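So that the names make sense, note that chain A is the first sequence line, chain B the second, and so on, each numbered from 1. Values in this document were obtained by computation on a predicted structure and should not be read as measured data.
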Amino acid sequence: MFVGIDVSASRGFDLCVLDEKRHVSLLLKARDLDTLEPILRQFPKTTTFAVDAPSVPSHGLLAGKEYRVAEHELRKLGITLYYTPRTETAAPAWMREGFALYRLLDSMGFPIFSGGEAGSGLTIEVYPHLSYVSLTGTRRGSSSKLEWARAALRRPVHGLPAVADQDALDAACAALTAWHFVNGRWVAYGDAGEGLIVAPYPKTELGHAEAAGADQLSLGFETTSAPRAMRSPHASTFADRVASVVSQIPSGRVATYGDVARWAGKPAGARAVGTVLKTRQFELPYHRVVDATGRPPPHPADAAAKLRAEGVRFDGSKVDLSANRWHGPR
DNA sequence: TCCGTGACGCGAT
DNA sequence: GATCGCGCCACGG
């Protein structure tokens, strides 16, 4: 059996089970890990799990970089993805949930795959966006992500409900990647000691690369051979993730530019957060983003007054960070 | 492209 | 504390 699990920031876990013939035999959502655990315990020892979340914090193997080798390799291939920090405490809430899930699976006898012999009874880390690219051999193009994912799974996965949402599709994609892994049709990116990201081997007969030619991609191990850069025009951008994070800061709480940068996946991008907030005109509670010393932002002009009205405590002209700091997206 | 800019963070002074 | 220098990274000319 092949179990894919999608870990989402705010929507809990999505789980999809595929049988040997890649037919969906179970598709469900679980609010939290406590809800998920009894379900996980029912799977036989030969089950293979695939989790859409980083398996371990970065080991800092890249000089001057925080994130992992796997993430670096994929970015060189034009695949944008999250940045995993060096420590678990610096990670956003959804990543911490993911780490806890890997630990739980390990304690149940499904250790993380870290190179060597592929096979059942393991847990692999996957990244559905990468798997979709591998499966189709194309970048997303102009269709929505939902349509792109649905199209990529149509042939290889049987019995997927038409109403399946993005999280469910990603869980199914993860399970399908586990199937590829066990059946010898896979590649892995990253450093074996620091966490490998597994994807279906590109251009298999399951892939059915529809759009041959211009959009054809080469995704292999040869990351030094400078493969053609591929940029998805509608991928989740840093600016979008910043907007998402800032929109979630509750009234009466504040976050620093650095906090927002971390939770948007770029721990060193604090300054860029300022650039984004200045440049892009989102409907956002800008006044709740303060600098690392607690100084309210220059815009809106009445930021401090707004914060006081929300009950935020001040120490002189600066926010008392220890009393009012928000601790990240659920 | 490349390069200057800035609603940042951090360690040094 | 305040300020400075430097690294960081998205934007825009």
Would you say [X]'s side chain and [Y]'s backbone share a donor-acceptor pair under 3.5 angstrom?
{"X": "A:D302", "Y": "A:A305", "answer": "no"}
{"X": "A:S244", "Y": "A:D240", "answer": "no"}
{"X": "A:D19", "Y": "A:H23", "answer": "yes"}

Nearest-Å distance, [atom1] ([X]) to [atom2] ([N])?
{"X": "A:D291", "N": "B:dG6", "atom1": "CG", "atom2": "P", "result": "17 Å"}
{"X": "A:K278", "N": "B:dA7", "atom1": "NZ", "atom2": "P", "result": "5 Å"}
{"X": "A:R295", "N": "B:dG9", "atom1": "CZ", "atom2": "P", "result": "10 Å"}
{"X": "A:D240", "N": "C:dC11", "atom1": "CG", "atom2": "P", "result": "9 Å"}

Point-to-point distance, once rounded to the nearest 0.5 Å, from [atom1] of [X] to [atom2] of [Y]:
{"X": "A:L18", "Y": "A:E20", "atom1": "CG", "atom2": "CD", "value": "10.0 Å"}
{"X": "A:D167", "Y": "A:L169", "atom1": "CG", "atom2": "CG", "value": "9.0 Å"}
{"X": "A:S114", "Y": "A:E125", "atom1": "OG", "atom2": "CD", "value": "12.0 Å"}

Out of [options], which nucleotide sits closest to the side chain of [X]?
{"X": "A:A292", "options": "C:dC9, B:dC10, C:dC11", "value": "B:dC10"}
{"X": "A:L277", "options": "B:dG9, C:dC11, B:dA7", "value": "B:dA7"}
{"X": "A:T275", "options": "C:dC8, B:dG9, C:dC11", "value": "C:dC11"}

- Item | Stretch residues 297-323 of chain A: residues that reach within less than 4.0 Å of DNA chain B through a heavy atom | A:P297, A:P298, A:H299

- Give a yes or no on whether a donor-acceptor pair under 3.5 Å exists between the nucleobase atoms of B:dG9, that is its base, and the side chain of A:R271. no

- Identify the two heavy atoms, one from A:G269 and one from A:F238, that lie closest to each other, and give their separation to 0.1 Å. O-CZ, 4.0 Å

What donor-acceptor contacts under 3.5 angstrom involve side-chain atoms of residues 254-265 of chain A, with partners at least two apart or in another chain?
unit_1 : atom_1 : unit_2 : atom_2 : d
A:T256 : OG1    : A:G258 : N      : 3.4
A:T256 : OG1    : A:D259 : N      : 3.0
A:T256 : OG1    : A:D259 : OD1    : 3.4
A:T256 : OG1    : A:D259 : OD2    : 3.2
A:D259 : OD1    : A:R262 : NH2    : 2.6
A:D259 : OD1    : A:R325 : NH2    : 3.1
A:D259 : OD2    : A:T256 : N      : 3.1
A:D259 : OD2    : A:R325 : NE     : 2.9
A:D259 : OD2    : A:R325 : NH2    : 3.3

Can you tabulate the close N/O pairs, meaning under 3.5 Å, that link protein atoms to atoms of nucleotides 11-13 of chain B?
none

- Message: Could you work out, with ring pair (Phe, Tyr, Trp, His ring centres under 6.0 Å) as the rule, every residue matching A:F113, not counting sequence neighbours?
- Response: A:F181, A:W186

- Results of ring pair (Phe, Tyr, Trp, His ring centres under 6.0 Å) for A:F314 - residues two or more places apart only: none

- Query: Cut-off 3.5 Å, side chains only: do A:S120 and A:T46 have a donor facing an acceptor?
  - Reply: no

- Item | Residues within residues 250-268 of chain A bordering DNA chain C, heavy-atom distance below 4.0 Å | A:K266, A:A268

